[in-house]
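The structure appears right after this line, and notes come after that.
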Amino acid sequence: MNTGKVDVLLGLQWGDEGKGKVVDVLTPRYDVVARFQGGPNAGHTLEFEGKKYVLRSIPSGIFQGGKINIIGNGAVIAPDLFMAETMDLEKSGHPLQERLHISRKAHLIMPTHRLLDAAHEMAKGKRKVGTTGKGIGPTYTDKISRTGLRVGDIFDNFAEKYAEHKAHHEKILQSMNYTDYDIAEAEKKWMQGVEYMKQFAIVDSEHEINLLLKEGKSILAEGAQGTMLDVDFGSYPFVTSSNTICAGACIGLGVGPNKIGEVYGIMKAYCTRVGAGPFPTELFDETGKKLRDLGHEYGAVTGRERRCGWIDLVALRYAIAVNGVTQLIMMKSDVLDSFDTIKACVAYRRNGEEIDHFPYNIDEGIVPVYKEMAGWKTDMTQCKSEEQFPKAFCDYVKFLEKELETPISIISIGPDRDQTIVRK
């Protein structure tokens with residue numbers, strides 16, 4: 001039987017690698033695009049035909065007509081934010097109801113989850129994680145503690161289930177002395193969002209996906225955040241609350257490991273991070289500021305400034321290994337166009353010892369060991385093929401492929417859909 005495969009596309013750094021654009025570019029090759037984890041804290045920015053779109057919960061294949069887009073069971077959904085997002089997209093002429101399917105097993109982010117998020121972050125003091133405050137962590141906490149509300153619950157005695165769950169949250173908030181809030185308006189919009197969601201196809205996504213695979217359909221699984229924010233393998237505790245790595249696609253969509261095909265790992269030509277947590281190659285000088293300004297490094301959802309630094313090959317080798325990456329995709333190469341010198345971290349120095357593996361703790365005492373290369377000092381944004389790339393940039397690409405032992409198959413040289421070079 002000619003069964004289809006699930007190719008997985010995910011970020012290899014601390015998120016914000018440009019996954020949305022790549023999903024949009026790759027979607028024509030696939031029948032289905034499925035989101036397998038995360039929530040509306042992760043924004044994917046897409047630009048084409050002179051317009052800019054920011055997607056939060058909806059898979060980035062939604063703009064390619066005739067494709068099924070699935071929000072899988074591993075994702076978490078805030079009905080009010082989902083309603084606002086889909087209404088905006090429908091106003092721009094994209095018919096979502098006929099393209100978007102939602103898993104019954106995806107968990108719901110309640111208004112009180114956002115309050116719990118804020119209360120827990122406040123209680124951490126100096127150990128703040130830098131959460132977006134969207135209620136993601138508390139929602140996943142309820143999921144793991146087997147008390148969460150799921151999309152399928154909205155059709156079955158929901159008012160009673162919601163009231164019971166809300167009361168439980170309010171007891172926790174009271175115990176934390178977090179009582180100065182009023183969610184009446186937010187709750188009203190949230191309930192409107194619940195009713196709005198009922199217009200969409202609410203499905204048993206694991207059955208749908210496996211049936212599509214039996215029919216020989218090709219599926220692209222889209223991850224949110226990045227590998228270094230994975231709850232198990234990231235820079236814990238400064239991580240997200242779900243498994244962002246390739247294995248998360250199996251759990252978040254309900255497919256077996258033998259159904260995974262290509263694993264596309266996305267990275268920037270440099271490195272960024274949002275929020276708190278260790279970042280070995282972070283630059284605090286004018287070079288870091290230049291990277292931020294040229295790369296427009298501000299969060300798609302939060303607007304927060306991203307911390308910027310040189311590419312970290314130690315962390316990337318680790319990310320490639322835990323994901324089983326088969327192809328690399330390098331984003332924002334053009335951001336480095338004007339630099340005289342390019343640096344890449346090839347190892348860490350800790351307590352006088354040089355290490356080339358990603359250690360348990362990168363919080364303190366890690367000094368990056370850099371290799372310097374000549375910059376290409378060329379505007380690459382108008383290049384139409386890799387033959388037009390300057391030699392110094394080609395040398396940089398060859399160096400990365402050798403260090404990472406993985407081919408770079410796609411190179412992005414600008415935000416637009418057309419500024420994407422697929423290498424031969």
Side-chain angles (χ1 to χ4, degrees), residues 34-43 54-59 62 68-91 94-118 132-173 181-206 208 224 241-242 252 301:
R35 172 87 175 266
F36 64 85
Q37 49 77 221
N41 57 330
V54 177
L55 300 177
R56 295 169 176 82
S57 295
I58 296 169
I62 203 72
I68 297 171
N69 286 258
I70 299 171
I71 299 175
N73 57 275
V76 291
I77 303 174
D80 51 344
L81 301 182
F82 172 82
M83 177 174 65
E85 182 180 352
T86 51
M87 282 183 166
D88 279 347
L89 288 174
E90 286 178 334
K91 281 179 197 170
H94 297 93
L96 267 68
Q97 285 190 36
E98 60 190 57
R99 299 180 187 174
L100 184 62
H101 299 179
I102 304 169
S103 172
R104 291 183 207 282
K105 293 185 173 70
H107 278 246
L108 295 171
I109 304 169
M110 295 172 55
T112 42
H113 280 131
R114 295 170 198 153
L115 296 175
L116 287 165
D117 208 346
T132 59
K134 302 289 184 185
I136 309 298
T139 306
Y140 278 111
T141 297
D142 280 352
K143 175 178 179 176
I144 298 304
S145 64
R146 300 162 296 189
T147 59
L149 288 177
R150 300 187 292 178
V151 171
D153 288 322
I154 67 177
F155 300 102
D156 179 24
N157 200 20
F158 185 62
E160 185 178 327
K161 290 178 180 177
Y162 176 84
E164 182 181 332
H165 212 52
K166 176 186 172 184
H168 171 64
H169 286 168
E170 288 177 330
K171 282 182 182 177
I172 298 171
L173 290 165
Y181 60 83
D182 180 3
I183 60 168
E185 192 58 36
E187 198 170 43
K188 182 180 175 184
K189 286 183 180 177
W190 194 87
M191 287 298 182
Q192 288 172 353
V194 168
E195 291 304 311
Y196 178 79
M197 282 177 64
K198 292 178 181 178
Q199 302 173 51
F200 289 81
I202 309 296
V203 299
D204 294 314
S205 56
E206 66 276 24
E208 180 179 29
S241 303
S242 57
V301 171

Discussion item. Using side-chain contact (heavy atoms from CB on, under 4.5 Å), reason through R114 and Y181 one step at a time and then give a plain yes or no.
Written reply: CA-CA 11 Å; R114 295 170 198 153; Y181 60 83; over 6 Å; no

Worksheet entry | side-chain contact (heavy atoms from CB on, under 4.5 Å) between Q192 and E195, worked out | CA-CA 5 Å; Q192 288 172 353; E195 291 304 311; 5.9 Å; no

Practice prompt. Please test Y162 against V194 for side-chain contact (heavy atoms from CB on, under 4.5 Å), starting from the C-alpha separation and ending with a verdict.
Written response: CA-CA 11 Å; Y162 176 84; V194 168; over 6 Å; no

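The OG1 atom of T112 sits 13.5 Å away from the NZ atom of K171 when rounded to the nearest 0.5 Å. For the atom pair T141 OG1 and H107 NE2, the distance stands at 11.5 Å (nearest 0.5 Å). Between atom CD1 of residue I77 and atom OG of residue S103 there is a gap of 8.0 Å, rounded to the nearest 0.5 Å. To the nearest 0.5 Å, atoms CD (Q199) and CD (Q97) are separated by 4.5 Å. Expressed to the nearest 0.5 Å, how far CE of M197 lies from CG of L108 amounts to 6.0 Å. One finds the CG atom of L115 at 5.5 Å from the CD1 atom of I183 (value rounded to the nearest 0.5 Å).
One side chain, D142 or H113, offers a donor N or O that lies under 3.5 Å from an acceptor on the other. Of the N and O atoms on the side chains of Q37 and Y140, not one donor lies less than 3.5 Å from an acceptor on the other residue.
Considering every non-hydrogen atom in both I109 and P40, the closest pair reads CD1-CD, 3.6 Å. The two residues S241 and G137 make their nearest non-hydrogen contact at OG-CA, 3.2 Å. Of all heavy-atom pairs between P59 and L100, the closest is CD-CD1, 3.9 Å.
Within the 4.5 Å cutoff, the side chain of V76 has no heavy atoms near those of the K143 side chain. L173 is listed as a side-chain neighbour of L116, based on a closest heavy-atom distance under 4.5 Å. T86 has its side chain within reach of F200: a pair of non-hydrogen atoms, C-beta onward, lies under 4.5 Å apart. With a 4.5 Å cut-off on side-chain heavy atoms, K134 and R56 do not count as touching.
A side-chain contact (heavy atoms from CB on, under 4.5 Å) with I102 is found for exactly one of N73, N69, I202, I70, namely I202.
A donor-acceptor pair under 3.5 Å is formed between the side chain of D153 and the backbone N or O of R150. No side-chain donor-acceptor contact under 3.5 Å links K189 to the backbone of M83. Listed for the E85 side chain is a donor-acceptor partner under 3.5 Å among the backbone atoms of S57.
Heavy atoms from other residues, nucleotides or ligands lying under 6.0 Å from NZ of K198 number more than 12.
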